[in-house]
Student: 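Okay, handing you the structure first.
Not measured: the values here are computed from a predicted model.
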Amino acid sequence: MAEFELIDLIARRCRHVRDDVRLGIGDDAAIVRVPPGFELAIATDTLVVGVHFPHDARAADIGWKALAVNLSDLAAMGAEPAWASLALTLPHASRGLVADLADGLGELAELHRVALIGGDTTAGPLSLTVSVQGLVPEGMALRRGGARSGDRMFVTGTLGDAAAGLHVHSHAQACAEPARADLLARLHRPTPRVAVGLALRGLATACIDVSDGLLADLAHVARASGVGMRIDADALPASAALAENFDLPTRRRWQLAGGDDYELAFTVPAGQVELLHARLAELDCRLTCIGEVVEGREVRVHDASGQTITLDQQGWEHFR
Ligand code: ADP
Ligand code: MG
């Protein structure tokens, strides 16, 4: 199949029209209109076969996830997704593969009114690099650096499901249906928390999406903000699928250190917590307070009895 036919196949499956796209796929560059008073938030993420998804992953899931991880970055900035481009590297010019990839990407793009406005197509091991652009009112983007001592630390959704999904992907007997399917869906089709990110504008003092694992990502916020954190391990939200199928040490390890959940972790001043709940009430997204911002530099995890928890090679361990 010729390159232009593949591009046409993608364009037809992602034809979401926005009236701010002056020039989409087909010229040397796309042209979009940025409304006055807004800034562009721009993010890029790559998924590579064998690194970010297994060789036997479904193409539609790969397409979905390639856009989802990027929309999650925009969500963490409080930006409204608008446009995307796709740099696609393909092992062979397969119509079926490209159609399935584009279907998965296009499905999520449509949900968020994102227009695919360009890209690149090359030969090589399967990989997808998506760039997204989102709109945010001037000066309103959420950043990692604004957390202050006394702020409350929140997380959306549940944690550890994607890591559990990766485990059950290779250990089919580890967990029965329908929990297995739930965990695999969380791994393959993450939900970017776009509406929550928008609702956090002017409210969250710092925000990040949980892509590398909660503790690693909170450490980024702590460093950027010049603060420490106290996280209550017993407060970490777990899905029923995770809680009912895995013991506490395993679950905790995944909740604290597993990646790929694409939830938002953010801080809100204690006096604004009521407003937070009011704003998020209609969004149908679980919200959990998991701790607080403290002075210092360290992100410390403790359990309900106050014992500090630390990670070693075997998992999470208690010590006094
Ligand atoms: P050029 O050679 O000028 O860089 P290409 O032939 O690579 O242009 O691409 C032609 C048009 O198709 C451009 O508008 C480009 O943005 C778009 N395009 C190429 N590959 C993709 C893709 N995988 N997804 C979406 N648009 C693409
Ligand atoms: Mg050109």
Student: Could you walk me through whether E292 and V294 pass side-chain contact (heavy atoms from CB on, under 4.5 Å), step by step?
Tutor: CA-CA 6 Å; E292 63 180 343; V294 296; 4.2 Å; yes

Student: Any donor-acceptor pair under 3.5 Å linking the side chain of D61 with the backbone of A57?
Tutor: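 Such a contact is absent between D61 side chain and A57 backbone.
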
Student: Could you grab the distance from atom CG of D120 to atom OG1 of T122, nearest 0.5 Å is fine?
Tutor: 6.0 Å

Student: Starting from L198, can I reach L203 by hopping between I/L/V/M/F/W/Y residues whose side chains sit under 4.5 Å apart?
Tutor: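 No: no chain of side-chain contacts under 4.5 Å links L203 to L198.
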
Student: Got a donor-acceptor contact below 3.5 angstrom from the K65 side chain to the A60 backbone?
Tutor: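 It does not hold such a pair.
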
Student: Are any side-chain N or O atoms of R201 and backbone N or O atoms of G78, one a donor and one an acceptor, separated by less than 3.5 Å?
Tutor: yes

Student: Taking T156 for the side chain and L264 for the main chain, is one N or O donor matched with an acceptor at less than 3.5 Å?
Tutor: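 Flag set: sc T156 to bb L264 pair under 3.5 Å.
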
Student: Tell me whether E295 contacts the main-chain N or O of V227 through its side chain, where contact means a donor paired with an acceptor under 3.5 Å.
Tutor: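 Not confirmed, E295 side chain does not pair with V227 backbone.
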
Student: Evaluate the side-chain hydrogen bond (donor to acceptor under 3.5 Å, both in side chains) criterion for residues T44 and S131: first the C-alpha distance (whole Å), next the side-chain angles of each, then the deciding distance (0.1 Å), finally the verdict.
Tutor: CA-CA 4 Å; T44 304; S131 287; 2.9 Å; yes

Student: Pick out which of D247, D303, D234 makes a side chain to side chain donor-acceptor pair (under 3.5 Å) with R252.
Tutor: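 Going through the options one by one, the only one that passes is D234.
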
Student: Checking the side chain of R180 only, and the main-chain atoms of V168 only, is there a donor and an acceptor separated by less than 3.5 Å?
Tutor: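 Yes; judged by distance alone, with no hydrogens or angles, the pair exists.
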
Student: Does the R297 side chain pair with the main chain of G226, one donor and one acceptor, at a distance under 3.5 Å?
Tutor: yes

Student: Is R279 paired with E274 through a side-chain N to carboxylate O contact shorter than 4.0 Å?
Tutor: no

Student: Could you tell me whether R189 and E107 make a salt bridge, using a distance below 4.0 angstrom between a side-chain N and a carboxylate O?
Tutor: yes

Student: Please give me the minimum heavy-atom distance between I309 and A233, naming the atom from each residue.
Tutor: CD1-CB, 3.6 Å

Student: Can you tell me if E3 and T121 form a side-chain donor-acceptor pair at under 3.5 Å?
Tutor: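 Looking only at side-chain atoms, T121 and E3 do not form any donor-acceptor pair under 3.5 Å.
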
Student: Rounded to the nearest 0.5 Å, what's the gap from CG on N245 to OG1 on T250? Could you check?
Tutor: 11.5 Å

Student: First locate atom CD1 of I62, then atom CG of L126, and finally report the distance between them rounded to the nearest 0.5 Å.
Tutor: 5.5 Å

Student: Of all heavy-atom pairs between P54 and H169, which one has the smallest distance, and what is that distance?
Tutor: CG-NE2, 3.6 Å

Student: Dump the intermediate steps for side-chain contact (heavy atoms from CB on, under 4.5 Å) on T129 and L86, then the final yes or no.
Tutor: CA-CA 6 Å; T129 297; L86 168 65; over 6 Å; no

Student: Is the shortest side-chain N to carboxylate O distance from R186 to D182 below 4.0 Å?
Tutor: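 Looking at D182 together with R186, the answer is no, because their closest N to O distance does not fall below 4.0 Å.
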
Student: Is it true that a side-chain atom of H171 and a backbone atom of H167 form a donor plus acceptor pair closer than 3.5 Å?
Tutor: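 Side chain of H171 to backbone of H167: a pair is present.
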
Student: Using only heavy-atom distances, determine whether the side chains of W83 and D20 contain a donor-acceptor pair under 3.5 Å.
Tutor: yes

Student: Run through D45, T191, D209 and flag the one making a side chain to side chain donor-acceptor pair (under 3.5 Å) with S72.
Tutor: D209

Student: May I ask you to decide if G150's main-chain N or O and R152's side chain share a donor-acceptor pair within less than 3.5 Å?
Tutor: yes

Student: So, does R148 use its side chain to make a donor-acceptor pair with the main chain of P269 at under 3.5 Å?
Tutor: no

Student: Strictly below 4.0 Å, N to O, side chains only: are D100 and R58 in salt-bridge contact?
Tutor: no

Student: For T267, which residues count as a side chain to side chain contact (heavy atoms under 4.5 Å, CB included) partner, sequence neighbours excluded?
Tutor: A147, D151, M153, T205, A206, V293

